[in-house]
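Heads up, the thing below is written out as structure tokens.
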Number of protein chains: 2
Amino acid sequence: MSQSIPVNQMSSISKSSCQRCSLSNLCLPLALDSTDMNRLDEVVNRDRIFNRGEQVFTQSTPFRSCYAVKSGAIKTSVITESGDEQITGFFMPGELVGLDSMSDEIHASTAKALERTSVCEIPVEQLENLANTLPGLQHHMFHLMSQEIRNSHQLSVLLSKNTAEERIAALLLSLSSRFQRRKLSPTHFNLPMARNDIANFLGLAVETVSRVFTRFQNQGLIRAKGRDIELVDLEALQTMALGNAQP
Amino acid sequence: MSQSIPVNQMSSISKSSCQRCSLSNLCLPLALDSTDMNRLDEVVNRDRIFNRGEQVFTQSTPFRSCYAVKSGAIKTSVITESGDEQITGFFMPGELVGLDSMSDEIHASTAKALERTSVCEIPVEQLENLANTLPGLQHHMFHLMSQEIRNSHQLSVLLSKNTAEERIAALLLSLSSRFQRRKLSPTHFNLPMARNDIANFLGLAVETVSRVFTRFQNQGLIRAKGRDIELVDLEALQTMALGNAQP
DNA sequence: TCGTGTGATTGATATGAATCAACCAGGGTT
DNA sequence: AACCCTGGTTGATTCATATCAATCACACGA
């Protein structure tokens with residue numbers, strides 16, 4: 001049921017180019033002029049579609065491409081030696097997946113489509129070559145990768161310093177701002193992921209996530225029905241996400 | 001007291017070059033031939049020394065360089081809006097600090113010397129230029145940055161899935177393998193950081209760290225006297241670090 | 001329409017680690 | 001020496017969240 005709404009709002013772009021892509025201001029081409037963009041176009045493998053649950057790539061398999069999300073959503077996770085999964089990120093349209101394996105032989109994580117998802121596949125070998133001739137692209141890659149490091153540090157902070165409520169508030173706000181970036185409503189959206197995924201990502205038990213959602217609802221911070229979420233009191237969520245602020 | 005042993009074991013290299021640096025196989029030059037290495041040499045600012053507690057760079061200040069540790073040790077941390085610190089990494093000789101800010105205007109974190117530490121300062125602007133002309137260097141930069149992402153993901157796993165004992169075992173083993181990489185004893189070394197730092201890094205209270213150390217000691221896994229650590233039973237530590245392995 | 005399964009919620013209980021509180025050891029200073 | 005100061009250790013208690021257990025709600029296929 002939740003699947004039909006957010007999907008392929010831009011799937012009409014069939015034989016598209018980076019130039020015409022509505023996400024070009026979020027994705028790789030950001031730093032490129034139009035002639036450079038054409039060169040990027042040539043190496044990008046467009047229109048790869050994955051259904052919910054399908055793997056875009058798999059940990060420990062050879063690494064050849066990273067992927068730009070066009071529509072839908074992707075989660076990445078690492079499987080530990082002891083066998084359990086840790087979700088390391090959620091990726092929304094305009095975001096680049098797979099940077100944790102850049103220039104490595106094999107994938108350091110697994111990427112799975114959370115809903116029907118279309119991506120642009122970007123072969124790394126060619127991306128690296130291109131980055132070598134286009135300084136702007138190289139710079140942008142560095143930028144994206146350092147961003148990724150910071151995101152992960154941010155997650156570490158969340159996991160080691162914040163309560164369940166703070167973590168969930170932070171996640172909701174992160175999603176909110178990412179919807180906003182795409183000119184969608186920052187206060188009313190569909191969660192692309194299950195409660196289970198949220199719990200795993202935030203280092204909590206599912207039950208805790210559930211409880212916090214209902215608590216937030218009772219406090220009038222959000223309205224939640226399944227994956228349909230409305231952020232009612234953004235302010236309150238923001239101060240909550242900040243956590244233990246001592247004056 | 002703990003300071004005099006590990007420091008400046010290579011500080012005799014005064015007017016050194018990357019070529020002669022004993023860490024060149026760990027650090028940047030890895031992927032470069034000797035002519036390329038000379039070009040790197042020209043941009044590197046060698047022999048910057050920091051005393052224990054001094055900041056190498058500071059969060060929110062302009063970002064211009066990253067730093068390769070030559071001797072000593074560095075911790076990086078982010079300060080959250082609510083004011084508390086989260087250590088995001090420890091950096092030992094041969095490792096590169098500051099990648100989380102690559103190609104950004106300001107530092108995303110603070111780096112502080114844990115003991116008397118010497119570093120090579122590498123101005124990013126010139127590093128980027130160089131990377132543009134030397135494909136091998138660009139590749140290596142991508143490699144280091146994705147490594148950094150994976151490290152951080154690894155930390156997230158520890159923080160969200162593992163017990164205090166498992167976290168500490170994992171940290172000890174990580175340090176062990178890094179000493180080994182430098183041809184030092186993997187089983188007997190001096191911790192460069194205080195218990196406090198360990199606690200912060202691993203998302204624990206100092207008291208917990210202390211307790212686990214003594215517990216490990218009583219179980220005969222380690223011998224610890226202050227910062228002087230001996231790993232007695234590597235095997236046991238390894239299985240412990242793996243955590244909740246279900247057969 | 002009825003099972004059947006999966007994801008979500010709610011409640012009761014258990015527990016690992018935080019917190020609070022002393023105390024200790026060693027190093028540096030006066 | 002006597003002092004303090006910082007970092008480390010140990011013990012008693014508390015608390016947030018996990019775990020265990022049931023129930024619920026909805027979607028789907030037979």
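So that the names make sense, note that chain A is the first sequence line, chain B the second, and so on, each numbered from 1. A quick note: this is a predicted structure, and the numbers were derived from the prediction, not measured. Side-chain atoms are counted along with the backbone in the values below, which use heavy atoms only and exclude waters and symmetry mates.
- Within 3.5 Å, no donor on the side chain of B/Arg211 pairs with an acceptor on the base of D/dG8, nor the reverse.
- Regarding A/Arg227, its CZ atom lies at a distance of 15 Å from the C1' atom of C/dT9, rounded to whole Å.
- In this structure, A/Tyr67 has its ring center under 6.0 Å from that of A/Phe57.
- Between A/Met193 atom CE and C/dA8 atom P there is a gap of 12 Å when expressed in whole angstrom units.
- Looking at B/Arg227, its side chain never comes within 3.5 Å of a backbone N or O of B/Asn190 through a donor-acceptor pair.
- Rounded to an integer number of Å, the gap from CG of A/Leu159 to P of D/dA16 is 19 Å.
- In this structure, A/Asn200 atom CG and C/dG7 atom C1' are separated by 15 Å, rounded to whole Å.
- Considering B/Arg182, B/Lys70, B/Arg178 as possible partners of B/Glu95, the one that fulfils the salt bridge (charged side-chain N to carboxylate O under 4.0 Å, His left out) test is B/Arg178.
- One can place CG of A/Asn196 at 10 Å from C1' of C/dA8, the figure rounded to the nearest angstrom.
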Residue pair B/Asp104, A/Arg150: steps toward the salt bridge (Lys or Arg N to Asp or Glu O under 4.0 Å) verdict: CA-CA 11 Å; B/Asp104 215 353; A/Arg150 287 199 294 277; 2.9 Å; yes
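- Side-chain atoms of A/Ser210 lie closest to C/dT9 of the nucleotides C/dA17, D/dG8, C/dT9.
- Rounded to whole Å, the distance from CG on B/Leu158 to C1' on C/dA17 is 16 Å.
- Listed nucleotides: D/dT19, D/dG8, C/dT19. Nearest to the side chain of B/Glu207: C/dT19.
- Side chain of B/Arg195, nearest nucleotide from C/dA8, D/dT17, D/dG8: D/dG8.
- The overall bend of the helix from C/dT1-D/dA30 to C/dT30-D/dA1, read as the angle between its terminal helix axes built from five base pairs each, is 30° when rounded to 10 degrees.
- Formation of a donor-acceptor pair under 3.5 Å by the A/Thr239 side chain with backbone atoms of A/Ala236 is found in this model.
- Residue contacts for A/Ala205: at a heavy-atom cut-off of 4.0 Å it reaches a base atom on one of the strands shown.
- In summary, B/Arg48 and B/Glu121 engage in a salt bridge, as defined by a charged side-chain N under 4.0 Å from a carboxylate O.
- For the pair A/Thr208 and D/dA18, the criterion of a side-chain N or O lying under 4.0 Å from OP1 or OP2 is met.
- For A/Thr214, whose side chain is taken as the heavy atoms from C-beta onward, the closest listed nucleotide among D/dT9, C/dT9, C/dA17 is C/dT9.
- A/Phe50 meets the ring-ring contact (aromatic ring centres under 6.0 Å, His included) test with no other residue; sequence neighbours excluded.
- C/dT6 atom P lies 16 Å from atom CG of A/Asp197, rounded to whole Å.
- To the nearest angstrom, C1' of C/dA8 lies 14 Å from CD1 of A/Ile222.
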